[in-house]
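See structure below.
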Protein chains: 2
Amino acid sequence: MVFSKTCEYAIRAVIYVAQKSEDGAKVGIKEIAAGIDSPVHFIAKILQDLSKREIVQSTKGPNGGFYIDKDSRKKSLADIVTAIDGDRIFTGCGLGLKNCSESKPCPLHSEFKIIRDKIKLTLHSATIGDFNASLNAGLSFIKER
Amino acid sequence: MVFSKTCEYAIRAVIYVAQKSEDGAKVGIKEIAAGIDSPVHFIAKILQDLSKREIVQSTKGPNGGFYIDKDSRKKSLADIVTAIDGDRIFTGCGLGLKNCSESKPCPLHSEFKIIRDKIKLTLHSATIGDFNASLNAGLSFIKER
DNA sequence: CTTGTAAAAGATAAAAAACTCTTTTATTTA
DNA sequence: TAAATAAAAGAGTTTTTTATCTTTTACAAG
(Lines give C-alpha, C1' and ligand atoms only; values in the text may rest on other atoms or scores of the structure.)
Protein backbone atom coordinates (compact mmCIF):
# COMPACT_ATOMS: atom_id res chain seq x y z
CA MET A 1 0.00 0.00 0.00
CA VAL A 2 2.61 2.57 1.01
CA PHE A 3 5.85 0.63 1.60
CA SER A 4 8.12 -1.20 -0.80
CA LYS A 5 7.70 -4.96 -0.73
CA THR A 6 11.13 -5.21 0.87
CA CYS A 7 9.94 -2.94 3.67
CA GLU A 8 6.76 -4.95 4.18
CA TYR A 9 8.86 -8.10 4.63
CA ALA A 10 11.20 -6.19 6.94
CA ILE A 11 8.44 -5.05 9.28
CA ARG A 12 6.84 -8.48 9.35
CA ALA A 13 10.19 -10.17 10.01
CA VAL A 14 11.10 -7.80 12.82
CA ILE A 15 7.73 -8.20 14.48
CA TYR A 16 8.06 -11.97 14.11
CA VAL A 17 11.55 -12.08 15.60
CA ALA A 18 10.47 -9.77 18.42
CA GLN A 19 7.68 -12.16 19.34
CA LYS A 20 9.75 -15.33 19.00
CA SER A 21 12.74 -13.96 20.89
CA GLU A 22 10.72 -12.39 23.67
CA ASP A 23 12.12 -15.02 26.05
CA GLY A 24 15.70 -14.62 24.80
CA ALA A 25 15.58 -17.40 22.21
CA LYS A 26 17.22 -16.96 18.83
CA VAL A 27 15.37 -17.52 15.58
CA GLY A 28 16.90 -19.03 12.46
CA ILE A 29 16.42 -17.53 9.02
CA LYS A 30 14.45 -20.50 7.69
CA GLU A 31 11.99 -20.31 10.56
CA ILE A 32 11.59 -16.58 9.99
CA ALA A 33 10.96 -17.02 6.27
CA ALA A 34 8.39 -19.71 6.97
CA GLY A 35 6.85 -17.66 9.75
CA ILE A 36 6.12 -14.65 7.58
CA ASP A 37 5.77 -16.24 4.11
CA SER A 38 8.79 -14.69 2.49
CA PRO A 39 11.58 -15.94 0.21
CA VAL A 40 14.38 -17.26 2.47
CA HIS A 41 17.35 -15.64 0.74
CA PHE A 42 15.56 -12.38 0.26
CA ILE A 43 14.61 -11.95 3.89
CA ALA A 44 18.16 -13.02 4.81
CA LYS A 45 19.49 -10.02 2.91
CA ILE A 46 17.00 -7.71 4.53
CA LEU A 47 17.84 -8.93 8.02
CA GLN A 48 21.54 -8.56 7.26
CA ASP A 49 20.81 -4.96 6.55
CA LEU A 50 18.71 -4.45 9.65
CA SER A 51 21.44 -6.13 11.66
CA LYS A 52 24.06 -3.65 10.40
CA ARG A 53 21.74 -0.86 11.41
CA GLU A 54 21.31 -2.48 14.82
CA ILE A 55 17.57 -2.86 14.56
CA VAL A 56 17.93 -6.61 15.01
CA GLN A 57 20.76 -8.59 16.57
CA SER A 58 22.28 -11.87 15.42
CA THR A 59 24.88 -14.46 16.24
CA LYS A 60 26.47 -16.98 13.88
CA GLY A 61 27.14 -20.65 14.37
CA PRO A 62 25.29 -23.41 16.18
CA ASN A 63 22.38 -22.14 18.25
CA GLY A 64 22.84 -18.86 16.48
CA GLY A 65 20.13 -16.84 14.83
CA PHE A 66 18.36 -13.52 15.01
CA TYR A 67 16.90 -11.89 18.08
CA ILE A 68 15.94 -8.45 19.29
CA ASP A 69 17.39 -7.06 22.47
CA LYS A 70 15.69 -4.93 25.07
CA ASP A 71 16.93 -1.67 23.56
CA SER A 72 15.87 -2.53 20.03
CA ARG A 73 12.41 -3.52 21.20
CA LYS A 74 11.86 0.11 22.12
CA LYS A 75 12.63 1.29 18.60
CA SER A 76 9.71 2.34 16.45
CA LEU A 77 8.38 0.96 13.20
CA ALA A 78 9.47 4.27 11.71
CA ASP A 79 13.07 3.21 12.35
CA ILE A 80 12.57 0.10 10.22
CA VAL A 81 10.83 2.03 7.47
CA THR A 82 13.52 4.70 7.39
CA ALA A 83 16.24 2.04 7.27
CA ILE A 84 14.68 0.32 4.25
CA ASP A 85 12.66 2.91 2.32
CA GLY A 86 14.29 6.12 3.52
CA ASP A 87 12.16 9.11 4.43
CA ARG A 88 10.24 9.29 1.17
CA ILE A 89 6.99 8.36 2.90
CA PHE A 90 7.45 10.93 5.67
CA THR A 91 8.54 13.88 3.58
CA GLY A 92 7.81 13.16 -0.10
CA CYS A 93 5.25 15.04 -2.19
CA GLY A 94 2.14 13.12 -3.19
CA LEU A 95 2.58 14.17 -6.80
CA GLY A 96 6.32 13.49 -6.82
CA LEU A 97 7.47 17.11 -6.93
CA LYS A 98 10.90 17.48 -5.37
CA ASN A 99 10.52 21.11 -4.42
CA CYS A 100 6.94 20.95 -3.20
CA SER A 101 6.64 22.90 0.05
CA GLU A 102 4.37 25.10 2.14
CA SER A 103 5.54 28.11 0.17
CA LYS A 104 5.36 26.38 -3.23
CA PRO A 105 2.75 23.69 -2.73
CA CYS A 106 1.34 21.18 -5.17
CA PRO A 107 -2.45 21.33 -5.47
CA LEU A 108 -2.82 18.48 -2.98
CA HIS A 109 -0.15 19.60 -0.55
CA SER A 110 -2.28 20.31 2.49
CA GLU A 111 -4.39 17.19 2.03
CA PHE A 112 -1.33 15.01 1.74
CA LYS A 113 0.20 16.68 4.76
CA ILE A 114 -2.63 15.29 6.85
CA ILE A 115 -2.04 11.82 5.43
CA ARG A 116 1.73 12.00 5.88
CA ASP A 117 1.32 13.22 9.46
CA LYS A 118 -1.00 10.36 10.29
CA ILE A 119 1.45 7.83 8.81
CA LYS A 120 4.27 9.49 10.72
CA LEU A 121 2.38 9.39 14.00
CA THR A 122 1.34 5.76 13.49
CA LEU A 123 4.85 4.55 12.70
CA HIS A 124 6.58 6.61 15.36
CA SER A 125 4.12 5.60 18.07
CA ALA A 126 4.31 1.86 17.50
CA THR A 127 7.37 0.14 18.92
CA ILE A 128 8.78 -3.14 17.69
CA GLY A 129 7.83 -4.80 20.96
CA ASP A 130 4.22 -3.63 20.92
CA PHE A 131 2.75 -6.54 19.01
CA ASN A 132 3.79 -9.61 20.97
CA ALA A 133 0.69 -9.81 23.13
CA SER A 134 -1.77 -9.47 20.27
CA LEU A 135 0.14 -12.07 18.20
CA ASN A 136 0.44 -14.46 21.15
CA ALA A 137 -3.28 -14.17 21.76
CA GLY A 138 -4.04 -14.93 18.11
CA LEU A 139 -5.71 -11.55 17.68
CA SER A 140 -3.47 -10.52 14.80
CA PHE A 141 -1.39 -12.22 12.11
CA ILE A 142 1.73 -11.64 10.01
CA LYS A 143 1.46 -14.68 7.78
CA GLU A 144 -0.75 -15.36 4.78
CA ARG A 145 -1.94 -18.86 5.47
CA MET B 1 4.93 8.87 -1.55
CA VAL B 2 1.94 6.60 -2.18
CA PHE B 3 1.50 6.44 -5.97
CA SER B 4 3.66 4.93 -8.69
CA LYS B 5 5.70 7.46 -10.61
CA THR B 6 3.49 6.77 -13.61
CA CYS B 7 0.47 7.71 -11.53
CA GLU B 8 2.09 10.90 -10.25
CA TYR B 9 2.72 11.97 -13.85
CA ALA B 10 -0.83 11.00 -14.76
CA ILE B 11 -2.42 13.15 -12.08
CA ARG B 12 -0.20 16.11 -12.88
CA ALA B 13 -0.87 15.78 -16.60
CA VAL B 14 -4.62 15.56 -16.15
CA ILE B 15 -4.69 18.57 -13.84
CA TYR B 16 -2.53 20.46 -16.34
CA VAL B 17 -4.72 19.60 -19.31
CA ALA B 18 -7.83 20.46 -17.31
CA GLN B 19 -6.46 23.91 -16.60
CA LYS B 20 -5.17 24.57 -20.11
CA SER B 21 -8.31 23.30 -21.83
CA GLU B 22 -10.71 25.07 -19.52
CA ASP B 23 -11.65 27.38 -22.41
CA GLY B 24 -11.99 24.54 -24.90
CA ALA B 25 -8.42 24.73 -26.26
CA LYS B 26 -6.48 21.56 -27.02
CA VAL B 27 -3.04 20.93 -25.60
CA GLY B 28 -0.22 19.17 -27.46
CA ILE B 29 1.83 16.43 -25.89
CA LYS B 30 5.07 18.45 -25.98
CA GLU B 31 3.47 21.33 -24.15
CA ILE B 32 2.07 18.95 -21.54
CA ALA B 33 5.46 17.30 -20.99
CA ALA B 34 7.10 20.69 -20.62
CA GLY B 35 4.30 21.93 -18.40
CA ILE B 36 4.66 19.17 -15.84
CA ASP B 37 8.36 18.21 -16.23
CA SER B 38 7.90 14.72 -17.56
CA PRO B 39 9.48 12.65 -20.34
CA VAL B 40 7.54 13.37 -23.56
CA HIS B 41 7.15 9.80 -24.78
CA PHE B 42 6.34 8.47 -21.36
CA ILE B 43 3.53 10.91 -20.67
CA ALA B 44 2.28 10.26 -24.21
CA LYS B 45 1.81 6.59 -23.31
CA ILE B 46 0.09 7.48 -20.09
CA LEU B 47 -2.32 9.87 -21.79
CA GLN B 48 -3.04 7.26 -24.45
CA ASP B 49 -4.14 5.02 -21.64
CA LEU B 50 -6.22 7.68 -19.92
CA SER B 51 -7.77 8.48 -23.27
CA LYS B 52 -8.86 4.86 -23.78
CA ARG B 53 -10.41 4.98 -20.34
CA GLU B 54 -12.15 8.22 -21.25
CA ILE B 55 -10.58 10.25 -18.49
CA VAL B 56 -9.09 12.61 -21.06
CA GLN B 57 -10.17 13.28 -24.64
CA SER B 58 -7.99 13.80 -27.71
CA THR B 59 -8.10 14.53 -31.41
CA LYS B 60 -5.41 13.80 -33.98
CA GLY B 61 -4.09 15.97 -36.76
CA PRO B 62 -3.52 19.70 -37.09
CA ASN B 63 -4.92 21.68 -34.16
CA GLY B 64 -5.35 18.38 -32.42
CA GLY B 65 -4.26 17.59 -28.92
CA PHE B 66 -5.61 16.61 -25.53
CA TYR B 67 -8.45 18.21 -23.65
CA ILE B 68 -10.92 17.35 -20.96
CA ASP B 69 -14.61 17.66 -21.54
CA LYS B 70 -17.26 18.82 -19.12
CA ASP B 71 -18.16 15.30 -18.03
CA SER B 72 -14.57 14.24 -17.39
CA ARG B 73 -13.93 17.34 -15.32
CA LYS B 74 -16.38 15.98 -12.80
CA LYS B 75 -14.44 12.74 -12.41
CA SER B 76 -12.38 12.32 -9.26
CA LEU B 77 -8.67 11.88 -8.76
CA ALA B 78 -9.54 8.42 -7.51
CA ASP B 79 -10.63 7.58 -11.07
CA ILE B 80 -7.16 8.46 -12.35
CA VAL B 81 -5.43 6.52 -9.59
CA THR B 82 -7.60 3.46 -10.12
CA ALA B 83 -6.96 3.59 -13.87
CA ILE B 84 -3.18 3.63 -13.40
CA ASP B 85 -2.38 1.94 -10.08
CA GLY B 86 -5.50 -0.13 -9.54
CA ASP B 87 -7.14 -0.28 -6.13
CA ARG B 88 -4.01 -1.35 -4.22
CA ILE B 89 -3.90 1.95 -2.35
CA PHE B 90 -7.58 1.82 -1.40
CA THR B 91 -7.81 -1.79 -0.32
CA GLY B 92 -4.27 -3.18 0.15
CA CYS B 93 -2.81 -4.27 3.49
CA GLY B 94 -0.05 -2.09 4.90
CA LEU B 95 2.14 -5.12 5.46
CA GLY B 96 1.36 -6.66 2.09
CA LEU B 97 -0.80 -9.53 3.35
CA LYS B 98 -3.30 -10.60 0.72
CA ASN B 99 -5.82 -12.04 3.14
CA CYS B 100 -5.60 -9.35 5.79
CA SER B 101 -9.12 -8.41 6.93
CA GLU B 102 -11.20 -7.29 9.86
CA SER B 103 -11.56 -10.90 10.94
CA LYS B 104 -7.90 -11.84 10.32
CA PRO B 105 -6.09 -8.52 10.73
CA CYS B 106 -2.41 -7.73 10.53
CA PRO B 107 -1.07 -6.02 13.66
CA LEU B 108 -1.46 -2.62 12.03
CA HIS B 109 -4.80 -3.24 10.38
CA SER B 110 -6.93 -0.72 12.24
CA GLU B 111 -4.27 2.00 12.09
CA PHE B 112 -3.87 1.53 8.35
CA LYS B 113 -7.61 1.54 7.89
CA ILE B 114 -7.68 5.12 9.13
CA ILE B 115 -4.92 6.07 6.69
CA ARG B 116 -6.54 4.27 3.76
CA ASP B 117 -9.89 5.88 4.53
CA LYS B 118 -8.35 9.34 4.59
CA ILE B 119 -6.62 8.70 1.25
CA LYS B 120 -9.88 7.37 -0.15
CA LEU B 121 -11.84 10.39 1.01
CA THR B 122 -9.23 12.82 -0.31
CA LEU B 123 -9.06 11.25 -3.74
CA HIS B 124 -12.78 10.71 -4.12
CA SER B 125 -13.64 14.22 -2.99
CA ALA B 126 -11.30 16.06 -5.35
CA THR B 127 -12.47 16.37 -8.94
CA ILE B 128 -10.22 16.89 -11.93
CA GLY B 129 -11.64 20.35 -12.43
CA ASP B 130 -11.10 21.48 -8.86
CA PHE B 131 -7.60 22.87 -9.26
CA ASN B 132 -7.89 25.37 -12.11
CA ALA B 133 -8.51 28.41 -9.94
CA SER B 134 -5.66 27.76 -7.56
CA LEU B 135 -3.26 27.10 -10.44
CA ASN B 136 -4.43 30.16 -12.35
CA ALA B 137 -3.92 32.29 -9.27
CA GLY B 138 -0.40 30.95 -8.80
CA LEU B 139 -1.31 29.52 -5.43
CA SER B 140 -0.25 25.98 -6.35
CA PHE B 141 2.13 24.32 -8.81
CA ILE B 142 2.51 21.09 -10.77
CA LYS B 143 5.97 21.72 -12.19
CA GLU B 144 9.39 21.52 -10.57
CA ARG B 145 11.04 24.68 -11.80
C1' DC C 1 -6.67 14.50 -52.90
C1' DT C 2 -2.22 15.61 -51.23
C1' DT C 3 0.54 17.36 -47.63
C1' DG C 4 1.51 18.38 -43.00
C1' DT C 5 0.41 17.61 -38.33
C1' DA C 6 -0.44 15.24 -34.12
C1' DA C 7 -1.92 11.32 -31.50
C1' DA C 8 -2.03 5.95 -31.39
C1' DA C 9 0.30 1.87 -31.50
C1' DG C 10 4.01 -1.18 -31.20
C1' DA C 11 8.53 -2.55 -30.27
C1' DT C 12 12.77 -1.81 -27.57
C1' DA C 13 15.86 -0.30 -24.04
C1' DA C 14 17.45 1.10 -19.49
C1' DA C 15 17.02 1.20 -14.59
C1' DA C 16 15.29 -0.34 -10.36
C1' DA C 17 13.27 -3.72 -7.42
C1' DA C 18 12.67 -8.32 -6.17
C1' DC C 19 14.59 -12.63 -5.72
C1' DT C 20 18.32 -16.61 -5.97
C1' DC C 21 22.59 -18.97 -5.53
C1' DT C 22 27.41 -19.67 -3.95
C1' DT C 23 31.23 -18.74 -1.09
C1' DT C 24 33.16 -16.93 3.16
C1' DT C 25 33.38 -15.96 8.04
C1' DA C 26 32.26 -16.58 12.80
C1' DT C 27 30.89 -19.52 16.49
C1' DT C 28 29.85 -23.67 19.03
C1' DT C 29 30.66 -28.17 20.54
C1' DA C 30 32.54 -32.63 20.48
C1' DT D 1 41.39 -28.30 16.91
C1' DA D 2 38.23 -30.33 13.57
C1' DA D 3 33.54 -30.63 12.15
C1' DA D 4 29.14 -28.77 11.96
C1' DT D 5 26.20 -24.90 11.94
C1' DA D 6 24.30 -20.50 10.82
C1' DA D 7 24.71 -15.77 9.45
C1' DA D 8 27.47 -12.43 6.32
C1' DA D 9 28.98 -11.26 2.00
C1' DG D 10 29.16 -11.21 -2.79
C1' DA D 11 27.72 -12.16 -7.27
C1' DG D 12 24.26 -13.16 -10.16
C1' DT D 13 19.24 -13.56 -12.37
C1' DT D 14 14.45 -12.33 -13.12
C1' DT D 15 10.71 -9.29 -13.14
C1' DT D 16 8.66 -4.90 -13.04
C1' DT D 17 8.79 -0.16 -13.76
C1' DT D 18 10.24 3.65 -16.20
C1' DA D 19 11.59 5.59 -20.42
C1' DT D 20 12.68 5.87 -25.55
C1' DC D 21 12.29 5.29 -30.44
C1' DT D 22 9.86 4.14 -34.78
C1' DT D 23 5.91 3.35 -37.53
C1' DT D 24 1.04 3.83 -38.33
C1' DT D 25 -3.38 6.06 -38.31
C1' DA D 26 -6.51 9.96 -38.18
C1' DC D 27 -7.61 14.47 -39.22
C1' DA D 28 -7.41 19.34 -41.17
C1' DA D 29 -6.40 22.65 -44.50
C1' DG D 30 -4.76 24.17 -48.73
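Letters go in sequence order (proteins before strands), and every chain restarts at 1.
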- Rounded distance in Å - CG (B:L47) to P (C:dA7): 9 Å
- Query: Under 3.5 Å, is there a donor-acceptor pair between the A:S4 and A:D85 side chains?
  - Reply: yes
- In whole angstrom, what separates A:Q48's CD from C:dC21's C1'? 13 Å
- Between B:F66 and A:V40, whichever has its closest DNA chain C nucleotide further toward 5' is B:F66
- The nucleotide from D:dA7, C:dG10, C:dT5 with an atom nearest the side chain of A:I29 is D:dA7
- Atom-to-atom span, CD of B:E31 to P of C:dT5 - whole angstrom: 17 Å
- Taking only N and O in the side chain of B:S51, is any of them less than 4.0 Å away from OP1 or OP2 of C:dA8? yes
- Check if the side chain of A:K52 and the base of D:dA8 share a donor-acceptor pair of N or O atoms closer than 3.5 Å. no
- Item | Side-chain (B:Q57) to main-chain (B:D69) donor-acceptor, under 3.5 angstrom | yes
- Query: Does OP1 or OP2 of C:dA18 have a side-chain N or O of A:Y9 closer than 4.0 Å?
  - Reply: no
- Would you say the side chains of B:S134 and B:S140 form a donor-acceptor pair under 3.5 Å? yes
- Message: If you compare every side-chain N and O of A:S58 against the phosphate oxygens of D:dA8 (OP1, OP2), does one of them come in below 4.0 Å?
- Response: yes
- What nucleotide, of D:dA9, D:dA4, C:dA9, holds the atom closest to the side chain of A:P62? D:dA4
- Query: Among C:dA11, D:dA7, D:dT18, which is the nearest nucleotide to the side chain of B:S4?
  - Reply: D:dT18
- What integer distance in Å separates B:Y67:OH from C:dA6:P? 16 Å
- What is the distance from CG of A:N63 to C1' of D:dA6, rounded to the nearest Å? 10 Å
- Item | ring-ring contact (aromatic ring centres under 6.0 Å, His included) between B:F141 and A:H109, worked out | CA-CA 10 Å; B:F141 308 85; A:H109 185 81; over 10 Å; no
- Note on the structure: By nearest-nucleotide position on DNA chain C, the 5'-leaning member of A:K60 and A:P39 is A:P39
- Nearest-neighbour nucleotide for the A:H41 side chain, C:dA8, D:dC21, C:dT20 considered: C:dT20
- Taking atom types as they are modelled, is there a donor-acceptor pair under 3.5 Å from the base of D:dT18 to the side chain of B:K5? no
- Please report, rounded to the nearest Å, how far the P atom of C:dA11 is from the NZ atom of B:K45. 10 Å
- Query: A:F42 has a side chain; which of C:dA18, C:dA11, D:dA9 sits nearest to it?
  - Reply: C:dA18
- Donor-acceptor contact below 3.5 Å, side chain A:D117 vs main chain A:I114: no
- Let me know the distance between NZ of A:K26 and P of D:dA8, rounded to the nearest Å. 12 Å
- Measure from CD1 on B:I32 to P on C:dA6 and round the result to the nearest Å. 12 Å
